[in-house]
Amino acid sequence: MGKIKMAFIGVGDMGSHHCIGFDLLEDSEVRYICDMNEANVARTLAELKNSNPTIVSDYRELLAKEDLDAVVISVPNYLHREVAVAFLEAGKHVFLEKPVAHTIEDCDAIIEAAEASGRVLQIGLVYRYSNLYRRMEKELESGRLGDVKLMWCKEFRDPFPPADWFYDKTKSGGAIVEKDCHHFDIFNWMIQAKPVRVFASGGQHVMKQGEPNRIQNSYSHYPTKEISNTSIVDHAFITIDYDNGSKANLGLCMYLKPRNLMGEGLEIGLIGENGGQMVARNDKTIDIVGGQDWTKDHLEIDVTSDSIMGGHTGGQTQRIDFLKCVQEGRQPFASAQVGRNALLIALAAEKSILEERYVYLEEISG
């Protein structure tokens, strides 16, 4: 097949990066951009090198287009089902930003539509395509640490971008659903077992419902904004039990100021059954210490070749893989089921905070 003709539904921060990234690839053509925000469109068009897309403001204009093979959907979570199902039913391949959806019902409706259509559905769980986390998995595959028994993630960061939907739990699913599906997926990937139950404690320390919260974000284009209707948690500790006895814990802080002042950033670590440790820091380095031979390794990982413009590590690799999946008719590594498994943990954590109890994933998954 020739170039894969693509449309981009939403070109905010993530959608713009996707559009620019696919534009750089020989096997794809940016044929359409759909976004009502003229500033987002202008910002994206200024970065395109190889395409001259048509601009539309309503995605429905594109459903019947015959000169369109695939779409990248980067709209707020509560719109995922509406938009993704429409394009899948129209016979288009879909790259859908994470999480799959903000509820399990919407998630399952999207998966059902993908299965009925026979089209590719890839979820934007970008870390699955990162050189760093793939190296982490490679070290585990070699048997160096044995089975993973404990994992942890420190996600201490500044707030979400100051767009209202992020802070409305009915639209985003909550802070844990919106942000930490990435990290729960890494837990599932490395532990290679079935998560069974979740216990979480969280709430609002700084960004409180009904109070004027001045939201400033360090990595997006959004200007500082005051948001008083914030129904999401701004901190949490989450523990996950797996069916093989392994456990994982995630600590979340959403009000760090300024961002990464101590230079620590994201940390994801694990301990194997032989007592060895492996820790990934800042999406850039891996340290492996201990285990059977007590060897210490410090690995500086190439996280430039798999991304563009300083974006998420793995960002460009996931786009290349999406095109190959479309061309070859195969399922992606970041499949819809992978996305669902991560979403279940996030939804269970949100429910655990509300109900102050262990939540078993079977309660949610049906």
Side-chain angles (χ1 to χ4, degrees), residues 12-14 74-82 84 96-110 123-125 153-188 195 197-211 213 215 217 220 222 225 227-240 248-256 266 339-361 363-366:
D13 285 325
M14 288 306 304
S74 307
V75 298
N77 301 344
Y78 70 100
L79 296 173
H80 280 198
R81 177 178 181 172
E82 173 190 327
L96 178 63
E97 253 311 318
K98 62 81 195 165
V100 184
H102 70 312
T103 68
I104 198 64
E105 293 80 12
D106 281 11
C107 172
D108 287 347
I110 293 168
I123 309 303
L125 289 167
C153 172
K154 288 167 55 180
E155 173 71 338
F156 302 152
R157 47 161 292 144
D158 56 344
F160 288 129
D164 292 272
W165 72 269
F166 280 112
Y167 295 87
D168 183 343
K169 188 176 178 180
T170 66
K171 293 182 175 180
S172 68
I176 298 165
V177 168
E178 162 59 24
K179 184 60 193 166
D180 297 308
C181 54
H182 274 312
H183 312 113
F184 300 143
D185 180 49
I186 293 175
F187 290 165
N188 290 342
R197 66 178 186 174
V198 174
F199 183 80
S201 175
Q204 295 184 334
H205 279 159
V206 175
M207 294 181 288
K208 297 180 179 180
Q209 173 74 341
E211 296 186 5
N213 303 288
I215 307 295
N217 173 274
S220 74
Y222 292 92
K225 182 178 180 180
I227 298 177
S228 58
N229 181 26
T230 175
S231 53
I232 64 172
V233 302
D234 67 1
H235 71 279
F237 279 103
I238 302 157
T239 299
I240 306 146
N249 177 267
L250 181 141
L252 174 67
C253 173
M254 296 292 300
Y255 54 84
L256 197 66
L266 176 69
R340 187 182 193 271
N341 293 341
L343 176 63
L344 282 174
I345 297 174
L347 290 170
E350 298 276 1
K351 188 177 180 71
S352 178
I353 290 171
L354 280 179
E355 301 183 6
E356 298 182 346
R357 66 176 180 92
Y358 273 111
V359 173
Y360 287 77
L361 269 66
E363 299 176 39
I364 301 171
S365 63

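Quantities reported herein were computed from a predicted structural model and do not represent experimental measurements.
Ala236 and Ile176 make their closest contact through CB-CD1, 4.1 Å (heavy atoms, listed as atom of the first residue, atom of the second, distance). Listed here is the closest heavy atom pair of Pro162 and Asn217: CD-CB, 3.9 Å. The nearest pair of heavy atoms linking Ile232 to Gly174 is CG2-CA, 3.8 Å. Residues Ala348 and Leu361 come closest through the heavy atom pair CB-CD1, 4.1 Å. For the residue pair Ile110 and Leu96, the shortest heavy atom distance occurs at CD1-CD2, 4.1 Å. Heavy-atom minimum distance, Ala346 versus Val177: CB-CA, 3.7 Å.
Although no hydrogens or angles enter the test, the distance criterion places a donor-acceptor pair under 3.5 Å between the side chain of His102 and the main chain of Thr170. A side-chain donor-acceptor contact under 3.5 Å links Asp234 to the backbone of Met207. One N or O on the side chain of Gln209 and one on the backbone of Thr230 form a donor-acceptor pair closer than 3.5 Å. In this structure, Glu178 contributes its side chain and Phe160 its backbone to no donor-acceptor pair below 3.5 Å. Side chain of Asn213 to main chain of Lys208: a donor-acceptor pair is present (N/O by atom type, distance under 3.5 Å, no hydrogens or angles). Formation of a donor-acceptor pair under 3.5 Å by the Ser352 side chain with backbone atoms of Arg357 is found in this model. Using modelled atom types, one side-chain atom of His80 and one backbone atom of Pro99 make a donor-acceptor pair closer than 3.5 Å.
Leu343 is not listed as a side-chain neighbour of Cys181, based on a closest heavy-atom distance of 4.5 Å or more. With contacts defined as side-chain heavy-atom distances shorter than 4.5 Å, the pair Ile104/Ser365 does not qualify. Using a 4.5 Å heavy-atom cutoff, the side chains of Leu266 and His183 are in contact. In this structure, Pro195 and Asn341 have side chains that are not in contact, with every pair of non-hydrogen atoms separated by 4.5 Å or more.
Taking CD of Glu155 as the reference point, atom CG of Leu252 lies at 6.5 Å (rounded to 0.5 Å). With values rounded to the nearest 0.5 angstrom, Gln204 atom CD is found 8.0 Å from Ser231 atom OG. Summarising the geometry, atom SG belonging to Cys107 is positioned 8.5 Å from atom CG belonging to Leu347; distances are rounded to the nearest 0.5 Å. Atom-to-atom distance recorded for Cys153:SG and Ile240:CD1 is 9.5 Å, nearest 0.5 angstrom. Note: Glu97 CD to Leu125 CG = 8.5 Å, rounded to the nearest 0.5 Å.
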Applying side chain to side chain contact (heavy atoms under 4.5 Å, CB included), run through Phe184 and Ile238 and close with a yes or a no. CA-CA 10 Å; Phe184 300 143; Ile238 302 157; 3.9 Å; yes
Verify side chain to side chain contact (heavy atoms under 4.5 Å, CB included) between Lys169 and Leu354, making sure each step is shown before the conclusion. CA-CA 12 Å; Lys169 188 176 178 180; Leu354 280 179; 3.6 Å; yes
Pair Arg157-Met254, side chain to side chain contact (heavy atoms under 4.5 Å, CB included): steps then yes or no: CA-CA 5 Å; Arg157 47 161 292 144; Met254 296 292 300; 3.7 Å; yes
Apply salt bridge (Lys or Arg N to Asp or Glu O under 4.0 Å) to Arg340 and Asp108, showing your working. CA-CA 8 Å; Arg340 187 182 193 271; Asp108 287 347; 2.6 Å; yes
Go through Lys351 and Glu363 one step at a time and tell me if the salt bridge (Lys or Arg N to Asp or Glu O under 4.0 Å) criterion holds. CA-CA 10 Å; Lys351 188 177 180 71; Glu363 299 176 39; 5.1 Å; no
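Salt bridge Asp164/Lys171: absent, no basic N to carboxylate O contact under 4.0 Å.
Every residue two or more places apart in sequence or in another chain that forms a side chain to side chain contact (heavy atoms under 4.5 Å, CB included) with Ala163 is listed here: Trp165, Phe166, Tyr222. Scored by the ring pair (Phe, Tyr, Trp, His ring centres under 6.0 Å) test, His182 finds Tyr127, His312 as partners (sequence neighbours excluded).
Classification of the Phe237-Phe156 ring pair by plane angle, with boundaries at 30° and 60°, yields perpendicular.
Asn249 and Thr239 form a side-chain donor-acceptor contact under 3.5 Å, judged by distance and modelled atom types alone.
Atom CD of Glu356 has 12 or fewer heavy atoms from other residues, nucleotides or ligands within 6.0 Å.
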